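Here's the structure we're looking at; comments come further down.
Since we're looking at a predicted model, the values are computed, not measured.
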Amino acid sequence: QVQLVESGGGLVQAGGSLRLSCVASGIIFSTVTIRSMNWYRQAPGKGREPVAQITSVGYTNYADSVKGRFTISSDNANSTVYLQMTSLKPEDTGVYYCRIQRVSGTSYWGKGTPVTVSI
(Lines give C-alpha, C1' and ligand atoms only; values in the text may rest on other atoms or scores of the structure.)
Protein backbone atom coordinates (compact mmCIF):
# COMPACT_ATOMS: atom_id res chain seq x y z
CA GLN A 1 0.00 0.00 0.00
CA VAL A 2 1.41 3.32 -1.09
CA GLN A 3 0.60 6.31 1.06
CA LEU A 4 1.75 9.91 0.84
CA VAL A 5 1.60 12.26 3.80
CA GLU A 6 2.16 15.97 3.33
CA SER A 7 3.12 18.35 6.10
CA GLY A 8 4.53 21.81 6.62
CA GLY A 9 1.59 23.93 5.58
CA GLY A 10 0.30 26.76 7.68
CA LEU A 11 -0.28 30.47 7.89
CA VAL A 12 2.46 32.81 6.74
CA GLN A 13 2.71 36.47 5.83
CA ALA A 14 3.41 37.59 2.29
CA GLY A 15 7.13 37.50 1.64
CA GLY A 16 7.65 34.64 4.05
CA SER A 17 8.74 31.08 3.48
CA LEU A 18 7.49 27.58 4.10
CA ARG A 19 8.87 24.14 3.42
CA LEU A 20 6.42 21.41 2.56
CA SER A 21 7.29 17.76 2.96
CA CYS A 22 5.78 14.65 1.45
CA VAL A 23 6.77 11.36 2.99
CA ALA A 24 5.94 8.26 1.00
CA SER A 25 5.53 4.78 2.38
CA GLY A 26 5.07 1.52 0.57
CA ILE A 27 7.27 2.52 -2.36
CA ILE A 28 10.98 2.87 -2.93
CA PHE A 29 12.25 5.99 -4.66
CA SER A 30 14.45 4.82 -7.51
CA THR A 31 14.84 5.35 -11.23
CA VAL A 32 13.30 1.95 -11.93
CA THR A 33 10.12 2.64 -9.95
CA ILE A 34 9.47 6.38 -10.07
CA ARG A 35 8.86 8.54 -13.10
CA SER A 36 8.26 11.82 -11.31
CA MET A 37 7.40 13.49 -8.05
CA ASN A 38 5.06 16.44 -8.16
CA TRP A 39 3.37 19.18 -6.18
CA TYR A 40 -0.04 20.54 -7.10
CA ARG A 41 -2.16 23.17 -5.44
CA GLN A 42 -5.80 24.06 -5.36
CA ALA A 43 -6.87 27.56 -4.49
CA PRO A 44 -10.31 28.16 -2.98
CA GLY A 45 -12.92 27.83 -5.69
CA LYS A 46 -10.32 26.84 -8.27
CA GLY A 47 -9.18 23.64 -9.90
CA ARG A 48 -6.06 21.74 -9.00
CA GLU A 49 -3.01 23.00 -10.86
CA PRO A 50 0.54 21.66 -11.20
CA VAL A 51 3.18 23.64 -9.35
CA ALA A 52 6.46 21.76 -9.51
CA GLN A 53 7.87 18.48 -10.74
CA ILE A 54 11.10 16.60 -10.27
CA THR A 55 11.96 13.43 -12.14
CA SER A 56 13.66 10.48 -10.52
CA VAL A 57 16.96 11.62 -12.04
CA GLY A 58 16.62 15.18 -10.81
CA TYR A 59 15.20 17.20 -13.70
CA THR A 60 12.79 19.89 -12.56
CA ASN A 61 9.87 21.80 -14.01
CA TYR A 62 7.91 24.68 -12.51
CA ALA A 63 4.77 26.59 -13.21
CA ASP A 64 5.58 30.06 -14.50
CA SER A 65 3.86 31.59 -11.50
CA VAL A 66 6.34 30.06 -9.06
CA LYS A 67 9.60 30.04 -11.01
CA GLY A 68 12.40 31.61 -9.05
CA ARG A 69 10.47 31.34 -5.79
CA PHE A 70 9.79 27.63 -5.27
CA THR A 71 12.26 24.77 -5.30
CA ILE A 72 11.35 21.11 -5.46
CA SER A 73 13.77 18.48 -4.27
CA SER A 74 13.76 14.87 -3.19
CA ASP A 75 15.55 12.74 -0.65
CA ASN A 76 15.29 9.40 -2.36
CA ALA A 77 16.93 7.47 0.45
CA ASN A 78 14.13 8.59 2.76
CA SER A 79 11.32 8.59 0.18
CA THR A 80 10.60 12.25 0.78
CA VAL A 81 9.73 15.11 -1.56
CA TYR A 82 10.11 18.73 -0.51
CA LEU A 83 8.79 22.02 -1.78
CA GLN A 84 10.70 25.01 -0.50
CA MET A 85 8.54 28.10 -0.98
CA THR A 86 9.98 31.58 -0.62
CA SER A 87 8.70 35.09 -1.31
CA LEU A 88 5.19 33.82 -0.80
CA LYS A 89 2.28 35.77 -2.21
CA PRO A 90 -1.41 35.75 -1.29
CA GLU A 91 -2.15 34.05 -4.60
CA ASP A 92 -0.08 31.09 -3.43
CA THR A 93 -2.83 30.29 -0.94
CA GLY A 94 -4.40 26.89 -1.36
CA VAL A 95 -4.18 23.25 -0.47
CA TYR A 96 -0.95 21.69 -1.68
CA TYR A 97 -0.93 18.07 -2.79
CA CYS A 98 1.88 15.64 -3.37
CA ARG A 99 1.71 13.27 -6.33
CA ILE A 100 4.06 10.41 -7.13
CA GLN A 101 3.97 8.84 -10.57
CA ARG A 102 5.33 5.36 -11.10
CA VAL A 103 7.23 4.39 -14.24
CA SER A 104 4.14 2.37 -15.13
CA GLY A 105 2.08 5.55 -15.11
CA THR A 106 0.16 4.86 -11.92
CA SER A 107 -0.12 7.89 -9.67
CA TYR A 108 -0.61 8.28 -5.95
CA TRP A 109 -1.89 11.37 -4.15
CA GLY A 110 -1.60 12.70 -0.66
CA LYS A 111 -4.47 14.29 1.22
CA GLY A 112 -2.97 17.76 1.02
CA THR A 113 -1.64 20.37 3.39
CA PRO A 114 -3.16 23.85 3.48
CA VAL A 115 -1.13 27.00 2.94
CA THR A 116 -2.51 30.44 3.67
CA VAL A 117 -0.55 33.55 2.78
CA SER A 118 -1.79 36.76 4.33
CA ILE A 119 -1.08 40.30 3.20
Side-chain angles (χ1 to χ4, degrees):
Q1 291 209 9
V2 177
Q3 294 190 71
L4 310 180
V5 179
E6 303 100 330
S7 63
L11 176 64
V12 64
Q13 291 187 185
S17 301
L18 284 175
R19 180 190 290 202
L20 306 184
S21 298
C22 171
V23 179
S25 61
I27 189 170
I28 297 174
F29 280 16
S30 76
T31 57
V32 298
T33 58
I34 302 297
R35 178 181 295 178
S36 65
M37 295 151 280
N38 309 263
W39 286 97
Y40 288 71
R41 70 185 179 193
Q42 187 167 14
K46 304 288 186 179
R48 192 173 299 183
E49 64 174 347
V51 173
Q53 177 187 77
I54 185 168
T55 71
S56 61
V57 293
Y59 294 105
T60 58
N61 296 104
Y62 298 93
D64 288 342
S65 60
V66 307
K67 284 182 179 177
R69 300 188 298 118
F70 290 11
T71 302
I72 187 171
S73 62
S74 67
D75 179 352
N76 292 352
N78 295 111
S79 298
T80 304
V81 186
Y82 300 98
L83 185 67
Q84 179 67 51
M85 307 186 294
T86 62
S87 301
L88 283 162
K89 304 175 180 179
E91 51 262 45
D92 294 320
T93 293
V95 178
Y96 283 70
Y97 298 89
C98 179
R99 171 184 170 242
I100 306 296
Q101 186 177 36
R102 296 181 67 96
V103 170
S104 67
T106 301
S107 291
Y108 305 94
W109 292 86
K111 295 180 179 179
T113 184
V115 172
T116 301
V117 184
S118 63
I119 58 175

Let me see the working for Thr71 and Thr60 under side chain to side chain contact (heavy atoms under 4.5 Å, CB included), right down to the final yes or no. CA-CA 9 Å; Thr71 302; Thr60 58; over 6 Å; no
Any chance you could lay out the side chain to side chain contact (heavy atoms under 4.5 Å, CB included) test for Phe70 and Leu18, step after step, and finish with the verdict? CA-CA 10 Å; Phe70 290 11; Leu18 284 175; over 6 Å; no
Taking it one step at a time, do Val66 and Met85 satisfy side chain to side chain contact (heavy atoms under 4.5 Å, CB included)? CA-CA 9 Å; Val66 307; Met85 307 186 294; over 6 Å; no
Quick one: do Val115 and Leu20 satisfy side chain to side chain contact (heavy atoms under 4.5 Å, CB included)? Show the steps, please. CA-CA 9 Å; Val115 172; Leu20 306 184; 4.1 Å; yes
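Looking at every heavy atom in both residues, Ser56 comes nearest to Ser30 through CB-O, 4.1 Å. Taking both residues in full, the closest heavy atoms of Arg41 and Ser65 are given as NH2-OG, 3.4 Å, listed atom of the first, atom of the second, then distance. What you find for Ser74 and Met37 is that their closest heavy atoms are CB-SD, 3.8 Å. Here the closest non-hydrogen pair linking Ala14 and Ile119 is CB-CA, 4.4 Å. The heavy-atom pair separating Gln53 from Ser36 by the smallest distance is NE2-OG, 3.7 Å.
Cluster annotation: Phe29 and Tyr97 are assigned to distinct hydrophobic clusters (Ile/Leu/Val/Met/Phe/Trp/Tyr, side-chain heavy-atom contacts under 4.5 Å, transitive). Cluster membership check: Tyr82 does not share its hydrophobic cluster with Trp39, using side-chain heavy-atom separations under 4.5 Å among Ile, Leu, Val, Met, Phe, Trp and Tyr. Put simply, Ile27 and Ile54 are part of the same group of oily side chains (I, L, V, M, F, W, Y) that touch within less than 4.5 Å, one to the next. In the hydrophobic clustering of this structure, Tyr108 groups with Ile34; members are Ile, Leu, Val, Met, Phe, Trp, Tyr whose side-chain heavy atoms approach within less than 4.5 Å, directly or through other members. Two different hydrophobic clusters hold Leu11 and Val117 under the rule that ILVMFWY side chains link at heavy-atom gaps under 4.5 Å.
Between the side chain of Tyr62 and the main chain of Ile72, a donor-acceptor pair closer than 3.5 Å is present. A distance-only check finds a donor-acceptor pair linking the side chain of Glu6 to the backbone of Cys98 [under 3.5 Å]. Panel note: side chain Thr86, backbone Ser17; no donor-acceptor pair is recorded below 3.5 Å. Between the Thr33 side chain and the Ile28 main chain, a donor and an acceptor come within less than 3.5 Å of each other. Side-chain atoms of Arg69 come within 3.5 Å of backbone N or O of Ser87 as a donor-acceptor pair. In this structure a side-chain-to-backbone donor-acceptor pair under 3.5 Å is missing from Thr80 to Asp75.
For the pair Val81/Ile100, a side-chain contact is recorded, criterion being any heavy-atom separation below 4.5 Å from C-beta on.
Cation-pi contact between Arg99 and Tyr40: absent, since separation from the ring centre below 6.0 Å together with deviation from the ring axis within 45° is not met.
Under a 4.0 Å N-O distance rule, the pair Asp64/Lys67 qualifies as a salt bridge.
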